[in-house]
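What follows is a set of notes on a single structure, which appears directly below.
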Number of protein chains: 2
Amino acid sequence: MNPFIKREYDYAIRICAYLAGQKPDKAIPLSRIVKLLAIPKPFATKIAHKLKKADVTATVQGKNGGIYLAKDSKKLSILDILKAMNFDSTLNECIYHHDICPLVGFCHIHNFFRDEERRLLKNFENKKIADLAIKMNDMSKIVNTNT
Amino acid sequence: MNPFIKREYDYAIRICAYLAGQKPDKAIPLSRIVKLLAIPKPFATKIAHKLKKADVTATVQGKNGGIYLAKDSKKLSILDILKAMNFDSTLNECIYHHDICPLVGFCHIHNFFRDEERRLLKNFENKKIADLAIKMNDMSKIVNTNT
DNA sequence: TTAAATATTACCCACACGGTATAATATAAC
DNA sequence: GTTATATTATACCGTGTGGGTAATATTTAA
């Protein structure tokens with residue numbers, strides 16, 4: 001319940017992690033990725049679109065087309081991907097939405113969560129997608145859930 | 001949007017922080033707290049009830065009654081309060097809900113968020129409500145928003 | 001020309017969160 | 001004993017939004 005990382009964000013990271021484990025610049029059809037990673041295709045379509053708009057990925061249209069990483073996977077951070085997806089989660093709304101708390105300017109609760117969130121986002125920035133790459137030999141371990 | 005700390009949790013922490021700044025064992029009427037901290041009263045009522053059920057606070061009924069901390073504020077952690085409120089947020093649902101990700105057992109994404117969440121909750125455990133206490137002289141700084 | 005891929009837009013639905021309403025119960029003070 | 005002021009308890013509601021679907025257009029290799 002109530003995830004900081006929405007499904008949408010998680011799927012975006014998964015897609016990028018998969019691409020990071022493939023040969024660079026090789027376009028992979030979304031349909032294939034979708035099956036391997038168990039992402040609903042129409043949903044994946046929307047996500048792929050956002051990633052492209054933010055230049056995280058690039059696509060090749062038409063038959064034999066597909067999607068590939070437009071950035072160096074060693075430099076592409078989790079935070080980059082979240083931002084591409086218009087990341088808007090927060091640990092506590094009081095951090096940004098000042099009018100929900102009367103303790104303006106000195107609230108220790110506010111400060112505590114603000115600091116925690118900063119640290120968290122810093123870690124998201126330090127973590128690169130290359131570190132999370134999904135490799136082919138990993139994929140073989142996937143339990144086949146098809147009927 | 002999409003806070004890890006729901007309003008409910010934030011209010012609960014605020015109430016406890018306020019009580020931690022008062023004389024121990026002195027029952028304070030919710031109605032007073034509610035005004036000072038800008039919490040809708042019926043909502044505060046529900047929250048107070050949960051806190052009491054978890055023995056974080058205790059109450060005195062009847063006229064001149066109120067609520068007070070039932071624990072040593074130096075030992076009462078943010079995590080304790082969250083648990084009292086049936087905390088159910090997570091950084092990423094994939095951490096607990098295994099069937100939403102086919103990469104069972106070895107997924108680096110899963111592991112990354114699991115570790116981040118552990119660290120976060122550890123910090124919530126280390127932070128005690130005494131550290132966040134709302135003192136009277138702080139309250140004087142509150143901007144009066146009444147009309 | 002066709003098949004297979006992405007691009008784009010519009011739509012839907014369930015559910016949880018924040019909040020409200022109401023009535024019951026307890027008790028200190030007079 | 002009565003009253004005013006608390007907490008207790010339960011039931012209800014509206015709206016936003018997250019997750020997902022549908023349908024169609026467009027591109028391009030074969």
Side-chain angles (χ1 to χ4, degrees), chain A residues 1-12 14-15 19 26-35 37-55 57-68 70 82 85-90 92-94 97 99-101, chain B residues 1-12 14-15 19 26-35 37-54 57-68 70 85-90 92-94 97 99-101:
Chain A
M1 313 285 147
N2 213 46
F4 189 70
I5 301 296
K6 304 178 192 172
R7 296 281 5 85
E8 193 187 8
Y9 304 154
D10 182 57
Y11 288 156
R14 246 190 251 179
I15 290 171
L19 293 176
K26 190 194 167 198
I28 312 222
L30 246 196
S31 50
R32 180 134 117 255
I33 300 176
V34 146
K35 272 181 209 151
L37 302 183
I39 304 174
K41 178 154 187 202
F43 200 10
T45 293
K46 269 203 295 196
I47 292 166
H49 190 218
K50 282 193 195 174
L51 289 175
K52 186 191 175 179
K53 253 199 328 201
D55 291 319
T57 59
T59 55
V60 174
Q61 279 200 357
K63 190 169 177 181
N64 292 350
I67 184 175
Y68 60 96
L82 292 177
M85 299 299 296
N86 304 315
F87 178 70
D88 68 346
S89 297
T90 178
N92 190 340
E93 288 197 329
C94 87
H97 221 232
D99 53 338
I100 65 176
C101 177
Chain B
M1 313 286 149
N2 213 44
F4 189 70
I5 301 296
K6 304 177 192 172
R7 296 286 359 84
E8 194 187 9
Y9 304 155
D10 182 57
Y11 289 157
R14 244 191 251 179
I15 291 170
L19 293 176
K26 188 193 168 199
I28 312 223
L30 245 197
S31 50
R32 180 136 116 254
I33 300 177
V34 146
K35 273 181 209 151
L37 302 183
I39 304 174
K41 179 151 187 203
F43 201 9
T45 292
K46 269 203 291 197
I47 292 166
H49 189 217
K50 282 193 195 174
L51 290 174
K52 184 189 177 182
K53 253 200 326 201
T57 59
T59 55
V60 175
Q61 279 200 357
K63 191 170 177 180
N64 294 350
I67 185 176
Y68 59 95
M85 299 299 296
N86 304 315
F87 179 70
D88 68 345
S89 297
T90 178
N92 190 340
E93 288 198 330
C94 87
H97 222 233
D99 52 338
I100 65 177
C101 177

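The figures that follow rest on heavy atoms only: side chains count, while hydrogens, waters and symmetry mates do not. Chain letters run A, B, ... following the sequence lines, proteins first, then strands; residues in each count from 1. These figures come from a predicted structure and were not determined experimentally.
- An OP1 or OP2 oxygen of D:dA6 is reached within less than 4.0 angstrom by no side-chain nitrogen or oxygen of B:Thr59.
- When the C1' atom of D:dA25 is taken as reference, atom CD of A:Gln61 falls 10 Å away, rounded to whole Å.
- In this structure, the CD atom of B:Glu8 is 14 Å from the P atom of C:dT20, given to the nearest Å.
- Remark: P of C:dC17 and CD1 of A:Ile100 are 16 Å apart, rounded to the nearest angstrom.
- Looking at B:Lys6 and B:Asp10, no side-chain N of the basic residue comes within less than 4.0 Å of a carboxylate O on the acidic one, giving no salt bridge.
- Between B:Lys41 atom NZ and D:dT5 atom P the separation is 11 Å, expressed in whole Å.
- In this structure a side-chain-to-backbone donor-acceptor pair under 3.5 Å is present from B:Asn2 to A:Pro3.
- To the nearest angstrom, P of D:dG1 lies 18 Å from NZ of B:Lys63.
- A salt bridge between A:Glu8 and A:Lys50 is present, with a side-chain N of the basic residue lying under 4.0 Å from a carboxylate O of the acidic one.
- Look at B:Lys52 and you'll find a side-chain N or O under 4.0 angstrom from OP1 or OP2 of D:dT8.
- No cation-pi contact links A:Arg7 to A:Tyr9, judged by a cut-off of 6.0 Å to the six-membered ring centre and 45° from its axis.
- A close approach under 4.0 Å does not occur between any side-chain nitrogen or oxygen of B:Tyr11 and OP1 or OP2 of C:dG18.
- B:His49 has no side-chain polar atom (N or O) that falls below the 4.0 Å cut-off from OP1 or OP2 of D:dT7.
- At D:dA30, one or more side-chain N or O atoms of A:Asn64 fall inside 4.0 Å of OP1 or OP2 (strictly under the cut-off).
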